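Remember, predicted model here, so these are calculated numbers, not experimental data.
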Amino acid sequence: MKTEFFSRQQLETMATAELIGIADKYGIDIPDDLSRRFIIGELLEAEEEARSSSPHKEDVRILNEEEPVPDSLPKTYNNTAIDAVPRNPAWLFVFWDVKEAETALLLQNSSFESSFLHVSFFESAEDENPSDSFDIKVSLEPNEQYIMIPGGKKFVRVDLSVSIKGNVSVALASTRLIEIPSENESVQNVPPGKKTAFPPLVQLSGMRRILHDHFISHRQSFSD
């Protein structure tokens with residue numbers, strides 16, 4: 001709804017009843033014995049506040065109601081990129097996207113063998129060489145993967161890479177260097193599958209149940 005603002009000259013030409021009606025729209029309580037001069041002053045002040053708080057024309061976004069709002073995000077943004085988010089100290093969620101044209105070229109290339117995630121760990125943000133690394137074979141689609149992080153790791157970077165015949169690896173995109181959240185000392189060295197006496201605050205976090213479910217679902221990861 002468009003708000004109409006009046007100048008002092010316009011207000012002075014109005015009847016007192018009209019001025020009181022405008023004051024009611026602004027929620028201004030006008031006493032019966034208040035003079036016109038004070039009523040006009042109150043209205044000008046209220047209009048100035050309303051004008052300063054109203055959005056600028058260029059800030060107003062006009063939505064076309066005829067265009068349907070999508071129910072989900074697009075499958076691809078047609079951009080070659082990769083990023084990762086630590087879910088907790090044990091799991092890293094990685095997601096990526098590859099340009100359609102680049103994907104088509106790779107699949108048509110007879111030298112293309114596979115795509116994979118190259119996971120590298122670093123002891124500090126200044127290190128150039130990783131202290132440890134491993135590869136996870138993935139397809140270009142679907143474009144997401146959970147990665148289990150070994151204990152004691154501090155920084156991680158993930159490269160989306162492809163393998164070309166002749167033992168050649170090419171990185172299509174890389175994440176930033178990500179700091180892995182520090183593990184709580186109370187649970188860092190907990191033997192999997194064994195009952196442990198946790199401090200009260202750790203018990204409130206539901207850690208006992210988390211470790212139980214983690215062991216049940218991933219017990220093969222703990223076996224030597």
Novice: To the nearest 0.5 Å, what is the distance between CD1 on Ile178 and CZ on Phe122?
Specialist: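 Between Ile178 CD1 and Phe122 CZ, I get 11.5 Å after rounding to 0.5 Å.
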
Novice: If you define the side chain from C-beta out and look only at heavy atoms, does anything of Ile22 sit under 4.5 Å from Met14?
Specialist: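 When only atoms from C-beta onward are counted, Met14 and Ile22 do touch, with a gap below 4.5 Å.
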
Novice: In terms of relative ring orientation, are Tyr146 and Phe93 parallel, tilted or perpendicular, with 30° and 60° separating the classes?
Specialist: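 Answer is tilted, since the angle falls between 30° and 60°.
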
Novice: Grab the two heavy atoms, one from Ser114 and one from Lys137, that are nearest each other, plus how far apart they are.
Specialist: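 Distance-wise, the nearest heavy atoms are CB-CE, 3.7 Å.
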
Novice: Is there a path of hydrophobic side-chain contacts, each under 4.5 Å between heavy atoms, that joins Val168 and Leu105?
Specialist: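 No, because Val168 and Leu105 fall into different hydrophobic clusters, even though each may have its own neighbours under 4.5 Å.
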
Novice: Given side chains that start at C-beta, do those of Ile180 and Lys154 come closer than 4.5 Å, heavy atoms only?
Specialist: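 Side chain of Ile180 against side chain of Lys154, heavy atoms only: no contact under 4.5 Å found.
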
Novice: With no hydrogens and no angle check, is any side-chain donor or acceptor of Thr175 less than 3.5 Å from a backbone partner on Ile82?
Specialist: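 Here the side-chain-to-backbone pair does not exist.
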
Novice: Quick one: NE2 on His118 to OG on Ser163, what's the gap to the nearest 0.5 Å?
Specialist: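 Reported to 0.5 Å precision, the distance equals 12.5 Å.
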
Novice: Looking only at heavy atoms, which two atoms of Ser161 and Ala171 are closest? And how far apart?
Specialist: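 Minimum heavy-atom separation between Ser161 and Ala171: OG-CA, 3.7 Å.
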
Novice: Taking it one step at a time, do Met148 and Trp91 satisfy side chain to side chain contact (heavy atoms under 4.5 Å, CB included)?
Specialist: CA-CA 5 Å; Met148 185 176 179; Trp91 289 98; 3.6 Å; yes

Novice: Nearest 0.5 Å, what's the OG-CG distance between Ser115 and Leu106?
Specialist: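 It is 8.5 Å, given to the nearest 0.5 Å.
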
Novice: With the side chain counted from C-beta on, respond yes when Ile136 and Val94 share a heavy-atom pair under 4.5 Å apart, and no when they do not.
Specialist: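 Side-chain contact under 4.5 Å: no.
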
Novice: Does a side-chain heavy-atom distance below 4.5 Å link Leu92 with Val158?
Specialist: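 A side-chain contact exists here, since the closest heavy-atom pair is under 4.5 Å.
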
Novice: If you look at every heavy atom in Leu140 and Asn143, which pair is closest and at what distance?
Specialist: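 Closest pair (atom of Leu140, atom of Asn143, distance): O-CB, 3.9 Å.
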
Novice: Give the minimum heavy-atom separation between Ser131 and Glu123, together with the two atoms involved.
Specialist: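 Here Ser131 and Glu123 meet closest at OG-OE2, 3.5 Å.
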
Novice: Among Leu117, Leu172, Asp83, find the one that has a side chain to side chain contact (heavy atoms under 4.5 Å, CB included) with Trp96.
Specialist: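 It is Leu117, the one option of Leu117, Leu172, Asp83 that forms the side chain to side chain contact (heavy atoms under 4.5 Å, CB included) with Trp96.
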
Novice: Grab the two heavy atoms, one from Ala125 and one from Leu177, that are nearest each other, plus how far apart they are.
Specialist: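 Taking Ala125 first and Leu177 second, the nearest heavy atoms are CA-CD2, 3.5 Å.
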
Novice: Just to verify, what does Phe112 make a ring pair (Phe, Tyr, Trp, His ring centres under 6.0 Å) with, not counting sequence neighbours?
Specialist: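 Phe112: no ring pair (Phe, Tyr, Trp, His ring centres under 6.0 Å) contacts found.
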
Novice: With rounding to the nearest 0.5 angstrom, report the CG to CG distance, Leu160 to Asp97.
Specialist: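 Result: 10.0 Å between the selected atoms.
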
Novice: So how far is it from Glu100 CD to Asn79 CG, rounded to the nearest 0.5 Å?
Specialist: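 Here the interatomic distance stands at 11.5 Å.
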
Novice: What pairs meet the salt bridge (Lys or Arg N to Asp or Glu O under 4.0 Å) rule with one or both residues in residues 157-166, with sequence neighbours excluded?
Specialist: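 Qualifying pairs: Arg157-Asp159.
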
Novice: Under 3.5 Å, side chain of Thr80 to main-chain N/O of Lys99, donor-acceptor pair present?
Specialist: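 Yes.
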
Novice: Less than 4.5 Å apart, side chain to side chain, heavy atoms only: is that true for Phe134 and Phe116?
Specialist: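 No, side chains not in contact.
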
Novice: Got a sec, which residues hit salt bridge (Lys or Arg N to Asp or Glu O under 4.0 Å) with Asp132, two or more places apart in sequence or on another chain?
Specialist: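 Here the qualifying residues are Lys153.
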
